[in-house]
Student: 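First the structure, which I've put down as structure tokens, then a few questions once you've had a look.
Atom set for the values below is all heavy atoms of this structure, side chains included, hydrogens, waters and symmetry mates excluded.
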Amino acid sequence: FELTMTVLLTGADGYLGWPTALRLADRLDEIKDGRLECLRNIPNLCFKDESGETVLTDRQRMSPEEWVEQSSGTYQDDDFNGLLQHAFIETSRGCSNKCRFCSQPLISGSERYLKPANKVVDEMLELNRELGINKFEFVGSSTPPSQAEQIAEELYSRNLQDAFRWVLFMRGRDDKVAVDSTTDFMTKVKGAGCSAIFFGVEAADNQTLQKMNKNESVEDIRDAMIAS
């Protein structure tokens, strides 16, 4: 007799597959014996029990500390044998905005986690030292200006402003920065190696943006793009 079973890792965060998979591995003997009741105590699962009923267990989001640890060091040497010559670094996770077209808050949580600037730069240095990578793309929900500014300052403080090139995703309106103007901010991050910024524009009409619940205006997006 061979038990065949499909278990879906639902998660409240994309990286929850790892701890959930480890919890499953710890209960393999029970699962092989058909004692599926043990699965009810493991968060972020969707499975059919012995009676065929679909069960959804509680959703549980990892802590910021767990996320920082698990979202780094994910590359191997052969990842860069082909066309990929830059590395992705997840600098943010989750989003408090509620844009109607975006699944980010549902998938990753409605609270935005931000990776500390020193951890981001540590990751850049490690990837450069071990794999020779010097181009990076910051990914996640979006990089708020304050975080980009802190990363730039961290690179300046280590005299690494000319060592790497990095790109990021940004909203037209987000949090505030320490410098006096958006133009000063753009100058600061460019000097630290930022070579491109991708803006989520979606629409060039304020009424459409309001319907999307974007929480920003055409003017916000225009000003940020002109400054860049």
Student: Is any side-chain heavy atom of K135 closer than 4.5 Å to one of S195?
Tutor: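 Of all side-chain heavy-atom pairs linking K135 with S195, none is under 4.5 Å.
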
Student: Quick check: closest heavy atoms across M186 and A224, and the distance to 0.1 Å?
Tutor: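 Shortest heavy-atom contact: CE-O, 3.6 Å.
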
Student: Quick check: does any side chain N or O of N206 sit under 3.5 Å from a backbone N or O of V218, one acting as donor and the other as acceptor?
Tutor: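 Indeed, once roles are kept as given, a pair shorter than 3.5 Å links the two residues.
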
Student: Check for me, please, whether F164 and Y156 land in the same ILVMFWY cluster - side-chain distances under 4.5 Å, paths through other members count.
Tutor: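 Per the 4.5 Å side-chain linkage, F164 and Y156 are not co-clustered.
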
Student: Looking only at heavy atoms, what is the nearest atom pair of N134 and A163, with distance?
Tutor: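 Reported closest heavy-atom pair: CB-O, 3.9 Å.
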
Student: Side chains of E202 and C102: does their closest heavy-atom pair fall under 4.5 Å?
Tutor: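 They are not in contact (no side-chain heavy atoms under 4.5 Å apart), so the answer is no.
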
Student: Would you please test F136 and L127 for side-chain contact (heavy atoms from CB on, under 4.5 Å) and show each step?
Tutor: CA-CA 10 Å; F136 303 94; L127 286 166; 3.8 Å; yes

Student: More than 12 heavy atoms of other residues, nucleotides or ligands under 6.0 Å from CD of E30: is that the case?
Tutor: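 Atom CD in E30 is packed in, count exceeds 12.
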
Student: With the 4.5 Å side-chain cut-off for hydrophobic clustering, are F88 and L114 part of the same group?
Tutor: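 They do not share one cluster, since no chain of ILVMFWY contacts under 4.5 Å joins F88 to L114.
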
Student: Treating D205 as the side-chain partner and Q207 as the backbone partner, does any N or O pair qualify as donor plus acceptor under 3.5 Å?
Tutor: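 At least one qualifying donor-acceptor pair exists.
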
Student: State, to 0.1 Å, how close S141 and G94 come at their nearest heavy-atom pair, and which atoms those are.
Tutor: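 Answer, listing the atom of S141 first, then G94: OG-O, 2.7 Å.
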
Student: Between E37 and R40 (salt bridge meaning N to carboxylate O under 4.0 Å), is one present in this structure?
Tutor: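 Yes, charged N to carboxylate O under 4.0 Å.
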
Student: Passes side-chain contact (heavy atoms from CB on, under 4.5 Å), T183 versus I226? Steps please.
Tutor: CA-CA 8 Å; T183 302; I226 289 174; over 6 Å; no

Student: Testing the 3.5 Å rule here: is there a donor-acceptor pair between the side chains of S217 and D220?
Tutor: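 Yes, because at least one side-chain N or O of S217 sits under 3.5 Å from a partner of the opposite role on D220.
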
Student: With heavy-atom distances below 4.5 Å as the criterion, would you say the side chains of V121 and L160 are in contact?
Tutor: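 The answer is yes; the side chains approach within 4.5 Å.
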
Student: At what distance, to the nearest 0.5 angstrom, does CZ of F169 lie from CD1 of I197?
Tutor: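 Separation between the atoms: 11.5 Å.
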
Student: I need the L131 CG to I133 CD1 distance, nearest 0.5 Å.
Tutor: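 Answer rounded to 0.5 Å: 6.0 Å.
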
Student: For W67 and Y113, take the angle between the two ring planes, folded into 0 to 90°, and tell me which bin it lands in: parallel under 30, tilted 30 to 60, perpendicular over 60.
Tutor: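 Tilted: the ring planes of W67 and Y113 meet at 30° to 60°.
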
Student: Can you tell me how far the NZ atom of K188 sits from the SG atom of C194, to the nearest 0.5 Å?
Tutor: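 Nearest 0.5 Å value for the NZ-SG distance: 13.5 Å.
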
Student: Quick check on side chain to side chain contact (heavy atoms under 4.5 Å, CB included): which of T208, V201, L209 does K214 satisfy it with?
Tutor: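 The single option meeting the side chain to side chain contact (heavy atoms under 4.5 Å, CB included) with K214 is L209.
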
Student: Quick one: CZ on F198 to OG1 on T143, what's the gap to the nearest 0.5 Å?
Tutor: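 If I round to the nearest 0.5 Å, the distance is 11.5 Å.
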
Student: For the atom pair CG (D174) and CD (E216), what is the distance rounded to the nearest 0.5 Å?
Tutor: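 With rounding to 0.5 Å, CG (D174) is 8.5 Å from CD (E216).
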
Student: Is there a side-chain contact (heavy atoms from CB on, under 4.5 Å) between L168 and Q147? Walk through the geometry before answering.
Tutor: CA-CA 11 Å; L168 52 87; Q147 185 190 34; over 6 Å; no

Student: Spell out, as yes or no, whether a donor-acceptor pair under 3.5 Å connects the side chain of T57 to the backbone of N44.
Tutor: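 Pair found, side chain donor or acceptor close to backbone of N44.
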
Student: Start with the C-alpha gap between R27 and I42, add the side-chain angles, then the distance that decides, and say whether side-chain contact (heavy atoms from CB on, under 4.5 Å) holds.
Tutor: CA-CA 10 Å; R27 313 301 288 269; I42 300 177; 4.0 Å; yes

Student: With a 3.5 Å distance limit and no angle check, can you tell me whether S92 reaches the backbone of S142 through a side-chain donor-acceptor pair?
Tutor: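 Pair found, side chain donor or acceptor close to backbone of S142.
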
Student: Looking at R61 and E111, would you say the former's side chain and the latter's main chain have a donor-acceptor pair under 3.5 Å?
Tutor: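 Yes.
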
Student: Would you mind reporting whether S96 and R112 have side-chain heavy atoms less than 4.5 Å apart?
Tutor: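 Sidechains of S96 and R112: no contact.
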
Student: What verdict does the salt bridge (Lys or Arg N to Asp or Glu O under 4.0 Å) test give for R222 and E219, after you've listed the backbone C-alpha separation in whole Å, the side-chain angles of each residue and the deciding distance to 0.1 Å?
Tutor: CA-CA 5 Å; R222 179 199 63 201; E219 291 73 27; 5.0 Å; no

Student: Using 4.0 Å as the upper bound for N to carboxylate O, is an ion pair formed by K119 and E123?
Tutor: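 Salt bridge flag = no for K119 with E123.
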
Student: So which heavy atom on S71 is nearest to which on K115, and how close?
Tutor: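 Closest heavy-atom pair between S71 and K115: OG-NZ, 2.9 Å.
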
Student: Find out whether I89 and W166 are in side-chain contact, i.e. whether some heavy atom of one side chain is under 4.5 Å from a heavy atom of the other.
Tutor: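 No - every pair of side-chain heavy atoms lies 4.5 Å or more apart.
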
Student: If you round to the nearest 0.5 Å, how far is CZ of R173 from CG of N97?
Tutor: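 The CZ atom of R173 is 9.5 Å from CG of N97, to the nearest 0.5 Å.
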
Student: Any salt bridge linking D122 with R129? Criterion: basic side-chain nitrogen under 4.0 Å from a carboxylate oxygen.
Tutor: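 No, no charged N to carboxylate O under 4.0 Å.
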
